[in-house]
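A quick write-up on the structure given underneath.
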Amino acid sequence: MKKDIHPKAVPTKIIFQGKVIMETLSTKPEIHVDVWSGVHPFWTGEERFLDTEGRVDKFNKRFGDSYRTKKK
């Protein structure tokens with residue numbers, strides 16, 4: 001690495017709702033986040049699917065066999 005062109009990395013605390021989630025290196029001493037993997041529904045397994053129909057059934061209902069016919 002070239003000298004004197006990179007920003008200085010300092011120990012950084014990642015903060016979520018006033019609690020320190022993790023520590024890493026960054027150019028800022030503190031980073032406040034709104035969402036992190038510990039509370040996001042996708043990563044916690046609480047994700048809910050509202051779609052009761054399957055994607056293929058929904059597609060076939062909407063387009064039928066019209067997408068298979070070839071125009072000459």
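Positions are given from 1, in the same order as the sequence printed here.
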Rounded distance [0.5 Å steps], NE2 in His6 versus OG1 in Thr27: 13.5 Å
Spatial distance of atom CE (Met22) from atom CD1 (Ile31) [nearest 0.5 Å]: 9.5 Å
Pairing residues for Glu30 by the side-chain hydrogen bond (donor to acceptor under 3.5 Å, both in side chains) criterion, not counting sequence neighbours: His32
Same cluster (ILVMFWY, side-chain, under 4.5 Å), Ile15 and Ile21: no
Backbone N/O of Thr12 and side chain of Thr24: donor-acceptor pair under 3.5 Å: no
Worked check of side-chain contact (heavy atoms from CB on, under 4.5 Å) between Val10 and Leu25: CA-CA 5 Å; Val10 296; Leu25 292 176; over 6 Å; no
